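Ligands are counted one by one from 1 in listed order, and the atoms in each one are counted from 1 as well. None of these values were measured; they are calculated from a predicted model.
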Amino acid sequence: MAQYTRISGSVGLITLKNPPVNALSAVVRQGIVDSVERALGEPEVKCLVICGQSGKFCGGADIREFGKKMTGPPLIPVFHAIEAAAKPVVAAIEGIALGGGLELALGCHYRIAHSKAKLGLPEVTLGLLPAAAGSQRLPRLIGVPAALDLITTGRHVTAAEALQLGIVDQVTDHNTVDAAVKFALSVAGQSLDARRISTFPCPRLSNLDAVFEAAMQKVRQAARGAIAPIACVQAVRAAATLPYAQGLEREKELMATLFTSGQARALQYSFFAQRAVGRWSMPSGARWDTSKPKPIRKAAVIGLGTMGRGITVGLAQAGLSVVAVETQEKQLMEAKQAVSGMLERGAKKRGVSPPLGNISYSSNIKTVGDVDLVIEAVFEDMALKKEVFQQLSAVCRPGTFLCTNTSGLDIDDLASQTPNPELVVGMHFFAPAHVMKLLEVVYGPRSSPQAVATAMQLGKVIGKVSVAVGNCQGFVGNRMLSPYLSQANFLLEEGATPEFVDQVLEEFGFAMGAFRMSDLSGLDVGWRVRKAAGLVVPGQPARMRQGCRYSPLGDLLCEQGRFGQKTGSGWYQYDKPGSRVAKPDPWLHSFLEEYRTRHGLVARRIDHQEVLERCLYSLINEGFRILEEGIAAGPEDIDVIYVLGYSWPRHRGGPMFYADMVGLTRVLERLEFYHQAHPDVPSLQPCNLLRKLVASGSPPIHRWREVIKKVHSQL
Ligand SMILES: CC(C)(COP(=O)(O)OP(=O)(O)OC[C@H]1O[C@@H](n2cnc3c(N)ncnc32)[C@H](O)[C@@H]1OP(=O)(O)O)[C@@H](O)C(=O)NCCC(=O)NCCSC(=O)/C=C/CCCCCCCCCCCCC(=O)O
């Protein structure tokens, strides 16, 4: 609702009340309309202030209403009524003014912000544009280049930047509502002609075409197929070239296309999924709301390679005390220098001082005796990790949580090295660990709910989106990647090139195709895993392992020392080791031809659809297996992991959301088709849960959990 009160006799105060972020629901919009009408009708009221309850001005339109039938007054006329008011209306911005919240403020005559407030038009991140006249008012207020930046990126600005840009008129460190009331009284009775943004001409640009061409090029490059950023540029162009009323029409037209698009649905699903994963549960019944985390003040990181350094930076930046341990003195010195550099660069960006003093470095593992939690981040080798866990068990005080940063090793096997396996969880960070938002928190069968809650909470403290998943080879992310990569390899055997496969996957929206990604992360990583799994054994039939089809192509490249970017060649060639520009490699093409000849394979024409379906549907099928086994609690967990950790295009929601969009029947049919053609590839065999979902009428994704529950109860 919106509550109307009178203060200081002549000020009408409208307070938006819709926890948690005072979103502009139908009831709130109606409340604003009624309050404004009432204030304008009261002769004693000379001015109005609009604020939000609980220190939050407004988080924008109520996203939960988007999929439903529209009720209540639409936003644009509400904001026009405010702007047209004959009495000054001042927005008192505390906390947040985002999306429709900022558009509401732009409809007001003045804006006063608290110094800690954040403002922005993040609609683009939800597949939309600021269609409550924001795309038309903001450029008129701050000019085209700045408006383009804010609207196409959706970035939030601080109150200080908002003041500098001219979005707000005043910033206060004190009570914002008091400051707004005082301000409103000071301008009461003055002409408002120069305060109605919709009447402003858009500041002229001599190089208008060039500015919009550059903006369009920039968003197209970054968008990976997303349509909203492009519509945002078009809407701002309308503001710059058309009268306000016509600009509004264009804004509406563009919004109509976006509003009902699959991309908007996917992005809004993704928004809520990222929040839903915090409400984790385990098959044992343990849950986020019944498991209390222990506060972590001091942590240790063991092993200061690339991952350990990033984790140390993340912990120190979050204000924790960190003991950083590396047993090799030379490595320790190098790591100290690298970590300090990362902290200094990060602090410079944020305009704060680097938290160098939060870290103590040591080459002796015994120095971790008084920490609350340890993150072991040594080389991905089970024997080595086991040794470290045994040492940790001897030196850590009772109750210390022991976490391992591993991308797929058995958490329970490691836990068995300690007398307290309930204190052990996996924390799978993604490189670079201080930058990437994703953290897989992996619980083994003996991990206690408190250990999981603590790791999840620590993830939150260091700014990660943490997803709790069960213990299995590769956990969720890497396990699903395995069939995807296998299909990519099989496609090469059958006639495709790495360039073609990558092109198809990149057109779909991945930042990198399977082969460019493999070259970046290093072919030797998978080689080591396959060796450990006993797959790289000389003398075995070359293209079969354990009764299933196997492609040794990656192994053969590794045997040639082609590990990817770091060695200057892999699936592609590079100018020099470490170079990032992948070029098609004639050697690789001849190698593939020879390989096919050797194995009696006849290259055939493979089309776009086959690449996409085989790579994506095999990955999705594995996702269904993961849900069936209870390794992930719901499809949102998988989708968040893929969007944040594996560059799955956000505007496609995630693999499980994509399956829902394509249609489960279609996914099932195509998997059946490909499995029939490749009966020796078990990952193409549709899993039981997918069949059950289709048999239950392919319910929408938000109802899958009901079917999953039934499947689990039958086991
Ligand atoms: C920064 C935040 C606000 C707060 O962050 P934090 O403190 O970390 O808390 P969170 O965990 O993120 O959030 C807490 C809970 O609040 C929920 N939440 C947050 N924001 C909203 C919201 N805007 N609506 C609903 N719910 C919200 C959140 O989900 C959490 O709950 P839960 O855990 O999930 O249960 C942060 O939350 C944040 O960034 N929020 C989003 C801010 C944002 O993006 N705002 C913009 C919203 S879009 C908008 O404003 C659009 C405006 C223009 C609309 C014009 C509409 C015109 C329609 C015309 C249609 C024409 C087409 C017609 C087609 C046809 O012809 O049919």
Enumerate the atoms of ligand 1 whose separation from the nearest heavy atom of Glu103 is less than 4.0 angstrom. 52 (C), 53 (C)
Across all chains, not counting sequence neighbours, the side chain to side chain contact (heavy atoms under 4.5 Å, CB included) partners of Pro243 are Gln246
Tell me the protein heavy atom at minimum distance from atom 3 (C) of ligand 1, and give that distance in Å. Ile96 CD1, 3.5 Å
Take Asp660 and Arg703 through the salt bridge (Lys or Arg N to Asp or Glu O under 4.0 Å) test and state the conclusion after the steps. CA-CA 11 Å; Asp660 185 34; Arg703 293 198 29 230; over 6 Å; no
Contact bool for atom 33 (O) of ligand 1 (protein heavy atom, d < 4.0 Å): yes
Counting heavy atoms under 4.0 Å, the part of Thr125 that contacts ligand 1 is neither
Out of Glu123, Glu253, Met255, Arg279, whose heavy atom sits nearest atom 55 (C) of ligand 1? Met255
Going by an N to O cut-off under 4.0 Å, is there a salt bridge joining Asp289 and Arg287? yes
Could you tell me, atom by atom, which parts of ligand 1 come under 4.0 Å of a heavy atom of Gly99? 46 (C), 50 (O)
Look only at the side chain of Arg111 and the backbone of Ala105, and say whether a donor-acceptor pair between them is shorter than 3.5 Å. yes
So which protein heavy atom does atom 19 (C) of ligand 1 come closest to, and at what separation? Val21 CG2, 3.7 Å
Atoms of ligand 1 close to Arg64 [distance to a heavy atom under 4.0 angstrom, numbered from 1]: 29 (O), 31 (O), 32 (P), 34 (O), 35 (O)
For atom 16 (O) of ligand 1, what's the nearest protein heavy atom and its distance? Pro20 CG, 3.2 Å
Can we say Asp639 and Arg650 salt-bridge, meaning some charged N sits less than 4.0 Å from an Asp/Glu carboxylate O? no
Pair Glu83, Ser198: side-chain N/O donor-acceptor within cut-off below 3.5 Å: yes
Looking at ligand 1, would Pro130 count as a contact under a 4.0 Å heavy-atom criterion? no
Pair Phe79 + His109: ring centers closer than 6.0 Å: no
Is a donor from one side chain sitting under 3.5 angstrom from an acceptor on the other, for Ser115 and Asp173? yes
As a check for students: among Met70, Lys118, Lys69, Arg275, identify the option with a heavy atom nearest to atom 13 (O) of ligand 1. Arg275
Which atoms of ligand 1 are found less than 4.0 Å from any heavy atom of Gly100? 49 (C), 50 (O), 52 (C)
At less than 4.0 angstrom from any non-hydrogen atom of Asp62, what atoms of ligand 1 do you find? 24 (N), 25 (C)
Just to confirm my output: which protein heavy-atom neighbour is closest to atom 2 (C) of ligand 1, and how far is it? Leu98 CD1, 4.5 Å
Do any non-hydrogen protein atoms sit less than 4.0 Å from atom 10 (P) of ligand 1? yes
Any non-hydrogen protein atom below 4.0 Å of atom 29 (O) of ligand 1? yes
Between Leu121 and Gly99, the two heavy atoms sitting closest are CD2-O, 3.6 Å
Which residue pairs pass the ring-ring contact (aromatic ring centres under 6.0 Å, His included) test when at least one of the two sits in residues 246-285, sequence neighbours left out? Phe66-Phe259, Tyr269-Phe657
Do the charged groups of Glu706 and Lys709 touch, with an N to O distance under 4.0 Å? no
Please check atom 7 (O) of ligand 1 for a protein heavy-atom neighbour under 4.0 Å. no
Is Arg155 paired with Glu161 through a side-chain N to carboxylate O contact shorter than 4.0 Å? yes
With a 4.0 Å cut-off, would you call Arg279 and Glu636 a salt bridge? no
Which residue and atom name correspond to the protein heavy atom nearest atom 58 (C) of ligand 1, and how close is it? Phe259 CE1, 4.1 Å
Would you mind telling me if ligand 1 is within reach of the side chain of Ile63, the backbone, both or neither, using heavy atoms under 4.0 Å? both
Kindly indicate whether atom 65 (C) of ligand 1 is approached by any protein heavy atom to under 4.0 angstrom. no
Is the shortest distance from a Lys or Arg side-chain nitrogen in Arg250 or Glu253 to a carboxylate oxygen in the other one below 4.0 Å? yes
Any heavy atom of Leu128 under 4.0 Å from ligand 1? The part involved is neither
What atoms of ligand 1 come within less than 4.0 Å of a heavy atom belonging to Gly60? 50 (O)
Look at the side chain of Gln3 and the backbone N and O of Lys17, then say whether any donor-acceptor pair between them is shorter than 3.5 Å. no
Closest to atom 38 (C) of ligand 1 among protein heavy atoms sits Phe271 CE1, 3.9 Å
Distance filter under 4.0 Å to Phe272 heavy atoms, resulting ligand 1 atoms: 29 (O), 34 (O)
Which part of Ala61 is near ligand 1, with near meaning a heavy atom under 4.0 Å away: side chain, backbone, both or neither? both
Pick, from Leu126, Leu258, Thr260, the option with the minimum heavy-atom distance to atom 47 (C) of ligand 1. Leu126
Ala256 heavy atoms, cut-off 4.0 Å: which ligand 1 atoms fall inside? 62 (C)
Evaluate the ring planes of Phe624 and Trp704, with Trp represented by its six-membered ring, and classify them as parallel (under 30°), tilted (30 to 60°) or perpendicular (over 60°). tilted
Just distances here: any N/O of His156 and N/O of ligand 1 closer than 3.5 Å? no
Check: Thr15/Gln53 side-chain N/O donor and acceptor closer than 3.5 Å: no
Should one rank Cys58, Ala23, Gly59, Pro19 by closest heavy-atom distance to atom 45 (N) of ligand 1, which comes out on top? Gly59
